[in-house]
K.L.:
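Have a look at this one before I ask anything.
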Amino acid sequence: MSDARMLLAAGEEVLQREGIYLDEQRWDEWLDLFAPDCEYWVPTWTSDRTLATDPQRELSHIYYANRQGLEDRIVRIRTGTSPASSPMPRTAHLVSAVLALEPPAPGRLRLRSTWSSHVFFPRTRTSCTFFGHASHELVQRDSRWVIQRKKVVLQNDFIPTMLDVYCI
Amino acid sequence: MDVSQLKQYVDDRPEQGVFRVHRAVFSDPELFDLEQRYIFERTWQFLTLESEIARPNDFVTAWIGRTPVLITRDAQGEARAFANVCRHKGSVVCREERGNAKYHVCAYHGWAYDAGGRNVYIKDGKEGCYAAAFDAENHDLLPIARVERYKGLIFGSLSPAVPPVEEFLGELRFFIDAAMEQGPQGMEFVPGRAGYTYRGNWKLQMDNGVDFYHLTSAHKSFLAIQKRRGAGEGHVDARMYDWSKRMALDAGMFQFRSGHTVGWLNQVEVEKRPIYPAIPEIRGRVGDALADWMLKPRNLVVFPNMQIADATTLLLRTFRPLAPDRTEMTVRCLAPIGEPPERRAWRLRQFEDFFNASGFATPDDTVVYEECQTGFNAQPLDWLQGYNRGMAAIEPGGNDLARNLGIKPVASLHAAYRVQNEVLYHPMYREWARLIECGLCGREAYQ
């Protein structure tokens, strides 16, 4: 395998693990895929055609400048006292169309992917699907690839009832 | 429906200390239809902000009840509102949320209207062999019966028989001013939409928007996170308040005419308010009384379906009934025009943390609305018991606070937050019953 292919495979594995860990509720392993100073961003749409471009000026569905916001999410789920996350929805994440893009700096990986997430709510016995695409920047820390930056574009942004990190 | 049946829905006997709402109010399809006809189509409805259509030919689309509405700034700079439907075959003309357009062209047969609603083009009109009677007809977009503004808010009504909007808002205006006068250049919506729907009646949101009582149960997980943040862990960028001190705080409510209501409490950590750095400027411009109230958490309802909440950060929300058990939410982050970038980001992090359908608080509210809606089908359940906290502490008319502010509420309550009063819902249900009664009796809603 060429170096480029090996890099892509290594990066793609991180993306797949993200989905797997969410689906299997392996929350600590999921958090561990992110660098402590990672940026996690789900912009809103500002009109039917345009997506927000600046999280400091425009509303985001989720914007965290570091991993601590994601950690809060897991703390919340684990309290078992959030009506939205109990009983815990079950999910299946699918990730495909992974392409390596020009890396922003040497030693980094930049990937774009298409994702869909099926969410089943035991509470109402109903399912919905969220979908979109994502861009990831990965960086090597302690000889493994971790997510330094993630931007999720939610294509169906009119949310049925609720959305949490495990839905995207 | 016979008007005598209305008493089966809202049991309002203040002299006996009784106020009860029947579960059917939230689930009966016949009532849903009456609400559309006699509430949504007969009162003022918030449409948009002046600043959303700042330039000539700017437009946004919205709803009044079941009617799609197009709001434009015409070429002369006047705010206008029309039924957003083509006169030809009734198709929705403008199919976008917002934008700037000199002309709106119907996608079906190509009839075109300018930003003032004037029909400027009937496709192949000359070749159409139209009779003279057709040419004599007006083909312009149908204007919404009334459009009026208050402090940058644009309201519309399908009924010509509504009082002026200032009169409709009445004494609630003080609290609207506390939101709309925060910025020296006015207020705007921060770009970005975070809409959602839920499987529940619209009045679940109406109530919950001013519900003090659910915080420590429905939002228990949020309070747990907040406690952790107090120790410096977690998403501290949200600059969320220390909620543990709430119970002992001074709080209260005012009931107003036309169904409006407001709940308020004192604020801990006022320095976490994004307007706090601007407070000297605000005091100079609006005076100490209004400035002090801008720092207090206040949640208000403009009956029936508009809320301004400022308990965490400033929000304007409207909710649109889609069915007895289905509601569409529009939630906007309201901010001073020209706010410095650092404070804007601060505001955004607070807003997203709490109010987003992807945040830490709103999903827990919305999910329990759905549990309520399921519960409303329970046959043995009749009267709900959720309208009674604070009954014994109501003062008719204004209390000392109201007198100091120069406002005249219908009733007041001033007590520790731990009362978590539910009497602030009363004006909404009284007005709900009154408007439906007027409709059923064929009376005008406003005399």
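The figures that follow rest on heavy atoms only: side chains count, while hydrogens, waters and symmetry mates do not. Residue numbers begin at 1 in each chain, while the letters A, B, ... track the order of the sequences.
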K.L.:
Under a 4.5 Å heavy-atom cut-off, does chain A meet the side chain of B:Arg98, its backbone, both or neither?
P.N.:
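Side chain only.
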K.L.:
Is there a donor-acceptor contact under 3.5 Å linking the side chains of A:Thr161 and B:Glu370?
P.N.:
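Per modelled atom types, A:Thr161 and B:Glu370 side chains form a pair under 3.5 Å.
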K.L.:
Which pair of heavy atoms, one from A:Ala65 and one from B:Asp237, lies closest together, and at what distance?
P.N.:
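Residues A:Ala65 and B:Asp237, closest heavy atoms: CB-OD2, 4.0 Å.
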K.L.:
Pick from A:Leu59, A:Val42, A:Ile62, A:Leu70: which one has the most heavy-atom pairs with chain B under 4.5 Å?
P.N.:
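Of A:Leu59, A:Val42, A:Ile62, A:Leu70, A:Leu59 has the most heavy-atom pairs under 4.5 Å with chain B.
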K.L.:
State which residues pass salt bridge (charged side-chain N to carboxylate O under 4.0 Å, His left out) with A:Arg57; sequence neighbours excluded, sorted by chain then number.
P.N.:
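Only A:Asp54 meet the salt bridge (charged side-chain N to carboxylate O under 4.0 Å, His left out) criterion with A:Arg57.
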K.L.:
Under a 4.5 Å heavy-atom cutoff, which of B:Val368, B:Thr327, B:Ile225 has the most pairs with chain A?
P.N.:
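Heavy-atom pair counts peak at B:Ile225.
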K.L.:
Chain A heavy atoms under 4.5 Å from B:Phe360: which part of the residue, side chain, backbone, both or neither?
P.N.:
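Both parts, backbone and side chain.
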K.L.:
Checking B:Arg332 against chain A: side chain, backbone, both or neither under 4.5 Å from a heavy atom?
P.N.:
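Neither the backbone nor the side chain of B:Arg332 comes within 4.5 Å of chain A.
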K.L.:
Got a sec: does the CZ of A:Arg90 have more than 12 other heavy atoms crowding it under 6.0 Å?
P.N.:
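No - once you tally the heavy atoms of other residues, nucleotides and ligands closer than 6.0 Å, there are 12 at most.
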K.L.:
Cation over ring, B:Arg349 on A:Tyr64, under 6.0 Å and within 45°?
P.N.:
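No; the conditions do not both hold, so B:Arg349 does not lie above the ring face of A:Tyr64.
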K.L.:
So which part of B:Arg229 gets closer than 4.5 Å to some heavy atom of chain A, the side chain, the backbone, both or neither?
P.N.:
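Side chain only.
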K.L.:
Taking all non-hydrogen atoms of both residues into account, name the closest pair between B:His235 and A:Asp72 and its distance.
P.N.:
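That would be N-OD2, 2.9 Å.
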K.L.:
Please list, in residue-number order, every residue in residues 12-35 of chain A that has a heavy atom less than 4.5 Å from any heavy atom of chain B; write 'none' if there are none.
P.N.:
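None at all.
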K.L.:
Side chain from CB out, backbone as N, CA, C, O: work out which of these in A:Ser86 comes under 4.5 Å of a heavy atom of chain B, or both, or neither.
P.N.:
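When you check distances to chain B, no heavy atom of A:Ser86 falls under 4.5 Å.
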K.L.:
Heavy-atom pairs under 4.5 Å with chain A are the metric here; pick the option from B:Arg228, B:Arg344, B:Glu339, B:Met329 that has the most.
P.N.:
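The option with the most such pairs is B:Arg228.
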K.L.:
Provide the closest heavy-atom pair for B:Gly232 versus A:Gln68 in the form atom of the first, atom of the second, distance.
P.N.:
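Scanning both residues, the minimum pair turns out to be O-NE2, 4.4 Å.
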K.L.:
Counting heavy-atom pairs under 4.5 Å with chain B, which one of A:Thr124, A:Thr46, A:Thr50 comes out on top?
P.N.:
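Most heavy-atom pairs within the cutoff with chain B belong to A:Thr46.
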K.L.:
Counting only heavy atoms closer than 4.5 Å, note whether A:Arg78 contacts chain B via side chain, backbone, both or neither.
P.N.:
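For A:Arg78, there is no contact with chain B at all, as no heavy atom is under 4.5 Å.
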K.L.:
Sort B:Glu328 into side chain, backbone, both or neither according to what part of it lies under 4.5 angstrom from a heavy atom of chain A.
P.N.:
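Just its side chain gets close to chain A.
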K.L.:
Hey, are the side chains of A:Tyr63 and B:Glu352 touching, using non-hydrogen atoms and a 4.5 Å cut-off?
P.N.:
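Side-chain contact under 4.5 Å: yes.
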K.L.:
For B:Arg343, is the CZ atom crowded, meaning more than 12 foreign heavy atoms sit under 6.0 Å from it?
P.N.:
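Enclosed.
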K.L.:
Specify the closest pair of heavy atoms between B:Ser221 and A:Thr79, including all atoms of both residues, with the distance to one decimal.
P.N.:
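For B:Ser221 versus A:Thr79, the nearest heavy atoms are CB-OG1, 3.3 Å.
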K.L.:
Would you say B:Tyr276 has more than 12 foreign heavy atoms packed within less than 6.0 Å of its OH?
P.N.:
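Result for OH/B:Tyr276: open.
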K.L.:
For the candidates A:Asp164, A:Asp157, A:Ile77, A:Asn66, which exhibits the highest count of non-hydrogen atom pairs separated by less than 4.5 Å from chain B?
P.N.:
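Highest number of pairs under 4.5 Å: A:Asp157.
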K.L.:
So which atom in B:Asp364 and which in A:Ala84 form the shortest heavy-atom distance, rounded to 0.1 Å?
P.N.:
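Looking at all heavy atoms of both residues, the shortest contact is OD1-N, 2.9 Å.
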K.L.:
Short question: side chain of B:Asn356, backbone of A:His61 - any donor-acceptor pair under 3.5 Å?
P.N.:
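Checked: pair present.
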K.L.:
CD of B:Glu342 to CD of A:Gln56: how many Å apart, nearest 0.5 Å?
P.N.:
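B:Glu342 atom CD to A:Gln56 atom CD measures 10.0 Å (nearest 0.5 Å).
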K.L.:
With a 4.5 Å limit on heavy-atom distance, are the side chains of A:Met162 and B:Tyr198 in contact?
P.N.:
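A:Met162 vs B:Tyr198: side chains apart.
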K.L.:
Would you mind reporting whether B:Val367 and A:Arg123 have side-chain heavy atoms less than 4.5 Å apart?
P.N.:
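Counting from C-beta outward, A:Arg123 and B:Val367 do come under 4.5 Å.
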K.L.:
Is chain A contacted by the side chain of B:Ala194, its backbone, both, or neither, given a heavy-atom distance below 4.5 Å?
P.N.:
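Both backbone and side chain.
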K.L.:
Can you name the nearest heavy-atom pair linking B:Leu348 to A:Pro55, along with the distance?
P.N.:
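Nearest heavy atoms, B:Leu348 then A:Pro55: CD1-O, 3.6 Å.
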K.L.:
Atom NZ in B:Lys220, atom OG in A:Ser82: separation rounded to 0.5 Å?
P.N.:
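B:Lys220 NZ to A:Ser82 OG: 12.0 Å, rounded to 0.5 Å.
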K.L.:
In terms of heavy-atom proximity below 4.5 Å to chain B, should A:Thr53 be classed as side chain, backbone, both, or neither?
P.N.:
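Neither the backbone nor the side chain of A:Thr53 comes within 4.5 Å of chain B.
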